[in-house]
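What follows is a short report on a single structure.
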Amino acid sequence: MGYNVAIDGPAGAGKSTIAKRVAKEKGYIYVDTGAMYRALAVYFLDKKINPENLDAIAEACEGAEVKIQYEQGEQQVYLNGENITSRLRKEEVGNMASKVSAVPEVRAHLLNLQKELARTQDVVMDGRDIGTCVLPEADVKIFLTASVETRALRRYKELEEKGVSCDLEEIKKDIKERDERDCTRKIAPLRQAEDAVLIDSSDMTIEEVVKAITDNIV
């Protein structure tokens, strides 16, 4: 059994950035579950499947193979053999992923891969329900959050640096809507595990958050 670190939290809390740093510092494998859901979202978007059509989403899952590989120390995500890493952070992909992540067939399609990775490797895994559903027996559980304003501003700056035109209020609205969907979905809603350590990163640096987490790793 590998040593497992589960990091959960809402959209834009910095989970991926922090999880990567923690994994690198500890020499563990970083498993970006959000990227896996986004990969399926890319597949559904390319197929022009309506996210409200649950039967079509469930049926389409069978045709999507998602793999995570590390190339020169960087995570690369493949969908049916094609590297789609550069497409994963687009807003439309994130919104689609949030809408379809509660579909049982979508979750089941990815769950086995996630569990197998954690069973055989020392991993840091981040997502919405890692400590509550995917890895309930994780050695360390973290619930990483930040205010809506902080998360929206981080996303705004990230997009601006990439030269993408964006509106701060629209980003804030999207984050609030995504929080609502994630927290109220019937299957594996976003919530803090009872034995998780709560970390609010609103006023913390990346280094401070990484230290707060690694201090909990034996």
Side-chain angles (χ1 to χ4, degrees), residues 1-11 13-43 61-62 64-80 83-85 88 94 97-98 100-145 182 185 187-199 201 209-218:
M1 185 73 182
Y3 191 94
N4 300 165
V5 179
I7 302 178
D8 292 309
K15 298 186 300 295
S16 296
T17 299
I18 297 301
K20 288 175 188 174
R21 290 281 294 269
V22 171
K24 186 175 183 180
E25 188 164 316
K26 300 300 293 185
Y28 296 172
I29 290 177
Y30 166 58
V31 181
D32 182 356
T33 61
M36 297 170 78
Y37 281 101
R38 284 172 180 263
L40 284 185
V42 168
Y43 183 73
C61 281
E62 295 307 312
E65 181 184 48
V66 178
K67 288 185 177 180
I68 291 180
Q69 295 180 195
Y70 280 82
E71 299 170 6
Q72 297 179 336
E74 293 294 325
Q75 174 182 274
Q76 303 296 321
V77 180
Y78 286 81
L79 172 64
N80 293 336
N83 190 328
I84 58 164
T85 308
L88 298 182
S98 177
V100 303
S101 62
V103 178
E105 288 81 1
V106 170
R107 305 189 66 78
H109 192 67
L110 297 176
L111 190 61
N112 287 340
L113 175 59
Q114 295 163 3
K115 285 182 173 291
E116 180 62 18
L117 279 168
R119 188 181 69 79
T120 58
Q121 308 281 347
D122 294 335
V123 302
V124 178
M125 194 177 294
D126 74 300
R128 302 286 193 278
D129 63 339
I130 308 304
T132 53
C133 297
V134 181
L135 302 177
E137 303 301 322
D139 300 277
V140 175
K141 298 179 187 177
I142 303 293
F143 192 85
L144 180 65
T145 189
D182 290 342
R185 68 191 187 195
I187 298 175
L190 170 67
R191 63 180 177 83
Q192 180 180 341
E194 290 183 6
D195 53 348
V197 177
L198 174 65
I199 298 177
S201 69
V209 177
V210 170
K211 185 178 186 307
I213 293 174
T214 56
D215 282 351
N216 283 279
I217 299 174
V218 178

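The shown structure was predicted, so the numbers you read here are calculated from the model rather than taken from an experiment. Side-chain atoms are counted along with the backbone in the values below, which use heavy atoms only and exclude waters and symmetry mates.
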- Do other residues, nucleotides or ligands put more than 12 heavy atoms under 6.0 Å from E194 CD? no
- Any side-chain donor-acceptor pair under 3.5 Å between D126 and Y30? yes
- How many angstroms lie between atom CG of L110 and atom CG of L40, to the nearest 0.5 angstrom? 4.5 Å
- Among V124, I217, V123, which one satisfies side-chain contact (heavy atoms from CB on, under 4.5 Å) with Y3? I217
- Donor-acceptor under 3.5 Å (N80 side chain, E65 main chain): yes
- What one should report as the nearest heavy-atom pair of S101 and V106 is CA-CG1, 4.5 Å
- Task: Specify the closest pair of heavy atoms between G131 and D8, including all atoms of both residues, with the distance to one decimal.
- Result: N-OD2, 2.7 Å
- Task: For atom NZ of K67, decide whether the heavy atoms of other residues, nucleotides or ligands shown that lie under 6.0 angstrom number more than 12.
- Result: no
- Start with the C-alpha distance between V66 and V77, add both sets of side-chain angles, then the distance that settles side chain to side chain contact (heavy atoms under 4.5 Å, CB included), and finish with yes or no. CA-CA 7 Å; V66 178; V77 180; 4.2 Å; yes
- Query: Can you check whether P10's main-chain N or O pairs, donor with acceptor, with K15's side chain at less than 3.5 Å?
  - Reply: yes
- Measure the CG-CD distance between N83 and E71 for me, rounded to the nearest 0.5 Å. 6.5 Å
- Task: Would you check if the side chain of K141 reaches a backbone N or O of P136 as a donor-acceptor pair within less than 3.5 Å?
- Result: yes
- Sidechain-backbone polar pair: T132 side chain, A193 backbone, donor-acceptor under 3.5 Å: no
- Query: Would the number of heavy atoms belonging to other residues, nucleotides or ligands and lying under 6.0 Å from CD of E116 be above 12?
  - Reply: yes
- Spacing of CG belonging to L79 relative to CZ belonging to R38, to within rounding of 0.5 Å: 14.5 Å
- Query: Just by modelled atom types, is the Y28 backbone N or O under 3.5 Å from a matching donor or acceptor in the D122 side chain?
  - Reply: no
- Item | Among V140, V209, V22, V5, the one residue meeting side-chain contact (heavy atoms from CB on, under 4.5 Å) with T214 | V22
- Shortest non-hydrogen contact from I68 to M36? CD1-CG, 3.6 Å
- Do R21 side-chain atoms and K24 backbone N/O form a donor-acceptor pair below 3.5 Å? no
- Task: Please name the pair of heavy atoms, one in R185 and one in R128, separated by the smallest distance, quoted to 0.1 Å.
- Result: NH2-CB, 3.7 Å
- Message: Nearest 0.5 angstrom please: I7 CD1 to K20 NZ, how far?
- Response: 12.0 Å
- Item | Distance-minimising heavy-atom pair for T145 and A13 | CA-CB, 4.0 Å
- Query: Are the side chain of N4 and the backbone N or O of D139 linked by a donor-acceptor pair below 3.5 Å?
  - Reply: no
- Query: Looking at CD1 of I142 and CG of N216, how far apart are the two atoms once the value is rounded to the nearest 0.5 Å?
  - Reply: 5.0 Å
- Message: Please report the interatomic distance CG(L117) to CG(N112), rounded to the nearest 0.5 Å.
- Response: 11.0 Å
- Query: Any donor-acceptor pair under 3.5 Å linking the side chain of H109 with the backbone of A64?
  - Reply: yes
- Answer whether the closest heavy-atom distance between the side chains of T33 and I130 falls below 4.5 Å. yes
- Considering all heavy atoms of both residues, which atom of I199 and which atom of A212 are nearest to each other, and what is their separation? CD1-CB, 3.9 Å
